[in-house]
Visitor: 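Sharing a structure below in structure tokens format, with a few things to ask.
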Amino acid sequence: MVFKSINPYTEEVNWEYDSFSFEDCEAHIKKSRAAFSEWSSLSIEERTGYLARAAEVLRKNSDIYAEIITKEMGKPIKQSRAEVQKCALVCDYYVKNAAEFLKNEFVDTGAEKSYVSFEPLGVILGIMPWNFPFWQVFKFAISAICAGNVCVLKHASNVPKSALEVEKIFLEAGFPEYVFKSLLIDSRTAMEIIKKDMVDGISLTGSINAGSEIGELAGKTIMPFVLELGGSDPFIVLEDADIGRAAQAAAKSRFLNSGQGCIAAKRFIVLEAIIEDFTKTFELEVNKLKVGNPMDEETDIGPVARKEFVKDLEKILEDATKKGAEPLICGKDCEKGFFFKPTIIPAASLDMEACSVEVFGPIAPLITVKDDDEAVNVANSTEFGLGAEVWSGNLDRAEKMAKRIRSGFVAVNGMVRSDPRLPFGGIKKSGIGRELSHYGLKEFTNIKAIVVN
Ligand code: NDP
């Protein structure tokens, strides 16, 4: 099999790579296992020394990496650059905090000495998506590696160059070979690796389908796993909110990365008292976004990552119009590329696919509700539970609402963003486990009790 990296703007092939065979993977994972025994025996200070150098490499080469991201999946170049900078930040965070997070926790049990130690598990397989092709990898790998594990990566099939480039970052930073290794493999080979019990843990970021298949396999082999899956985040605007600020954040949250984010706001739930004002202000904000060539510094919205996504989005819009929607289409036409213009669906109803499935693209349905209770009920009415935003001039009211929303993250008067200092992950069908912060650092550790009598 050949992995093709296709530029979603020019529609041309960027790079092509042959996939690894299963036998190649066996040989690589054997070397990863050998690297584990050395890597896990280093002190935390030695390991974080390498992380600090990885951050330097990321910052030094950020323009080169940003261009690869934009060419492979169409993200506007300024957003790609920000993605690379964020990878450096997660390294900085664990350089500063990992030793404290991983130190033994002493407990008084009446014995001579009792404590909890956090020990690495071994080789962790990361299965990652294309939407943030560097960040998603760093988000799982840095904490796993910092805790003393080594990682192998099965990246999404459309971003093989990113997969290889990330491996090079670790090598350029001086990490021993095989602390991080990219395997260019399809999902079937990844599943074989799990079935044959060749790794010691799995971190998957992707769709519900992938999560369910991998969770089933991991269950069969009794292998620990973290699943970061999809979301359909509600963005609630109460009548006492600052409508201008809320509309600006709504446009950013929904249309960043052409709407292809798990924590993008995907359903806008607005109190009826302000729906007209909000719709007008939101439309104005969306029209300010420049659609076009993602290599252009001015561009805010590029193409979607793959050709077939345009068709998927068209179907969602068709379903909405059949059910009575009158969409507001923003932005201009582009001559080439896999474009879908930013679209607002005013007066959306809950039976529309735009409100019930995870829309991974630039479509924003607006749902009108009469009061706070209805807003919470609509917010909680999907199978997802990743993030949510609440906008209100009354912080007590907004915080009360935040507590009632079933999700892993709620931002009041702001956007949901992954932040190394905070746990990241979802409930319901949005996933199992947490990444980032001290919670993420310990996901792939043996939390071991040691009692000395
Ligand atoms: P997919 O689930 O299709 O793919 C994600 C990764 O899983 C890819 O590497 C893919 O490989 C692989 N994969 C898919 N099925 C299997 C399988 N059965 N066994 C092994 N590997 C498999 O998702 P997308 O790439 O389309 O990404 C979008 C999805 O990811 C959205 O639902 C989004 O919400 C979610 N996501 C969640 C995030 C979170 O942190 N919660 C963050 C970002 C995205 P291949 O490419 O070869 O098919």
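Just so you know, ligand 1 is whichever comes first in the structure, and atom 1 is the first atom listed for that ligand. This structure is a prediction, so every number in the text was calculated from the model and none was measured. All values below come from the heavy atoms of this structure, side chains included, with hydrogens, waters and symmetry mates left out. We number each residue from 1, following the sequence as shown.
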Visitor: Distance alone, cut at 3.5 Å: any donor-acceptor contact between the side chains of Lys429 and Thr382?
Guide: no
Visitor: State whether a side-chain donor-acceptor pair under 3.5 Å links Ser80 with Thr70.
Guide: yes
Visitor: Do Glu358 and Ser232 pair up side chain to side chain, a donor and an acceptor below 3.5 Å, judged on atom types alone?
Guide: no
Visitor: For Trp39 together with Tyr50, are the ring centres under 6.0 Å from each other?
Guide: yes
Visitor: Are there any protein N or O atoms under 3.5 Å from the N or O atoms of ligand 1? List them with distances, or say none.
Guide:
unit_1, atom_1, unit_2, atom_2, d
ligand 1, 2 (O), Ser207, N, 2.8
ligand 1, 2 (O), Ser207, OG, 2.5
ligand 1, 9 (O), Met128, O, 2.8
ligand 1, 9 (O), Ala156, N, 3.3
ligand 1, 11 (O), Lys154, NZ, 3.1
ligand 1, 18 (N), Glu213, OE1, 2.4
ligand 1, 25 (O), Trp130, NE1, 2.8
ligand 1, 26 (O), Trp130, NE1, 3.4
ligand 1, 30 (O), Gly206, O, 3.3
ligand 1, 32 (O), Glu358, OE1, 2.7
ligand 1, 34 (O), Glu358, OE1, 3.2
ligand 1, 34 (O), Glu358, OE2, 2.5
ligand 1, 41 (N), Leu229, N, 3.3
ligand 1, 41 (N), Leu229, O, 2.5
ligand 1, 46 (O), Ser157, N, 2.9
ligand 1, 46 (O), Ser157, OG, 3.4
ligand 1, 47 (O), Lys154, NZ, 2.9
ligand 1, 47 (O), Ser157, OG, 2.4

Visitor: Can you list the residues that meet the salt bridge (charged side-chain N to carboxylate O under 4.0 Å, His left out) rule with Lys78, with sequence neighbours excluded?
Guide: Asp300
Visitor: I'd like to know if Glu165 pairs up with Lys168 as an ion pair, taking the criterion as any Lys NZ or Arg NE/NH1/NH2 lying under 4.0 Å from an Asp or Glu carboxylate oxygen.
Guide: yes
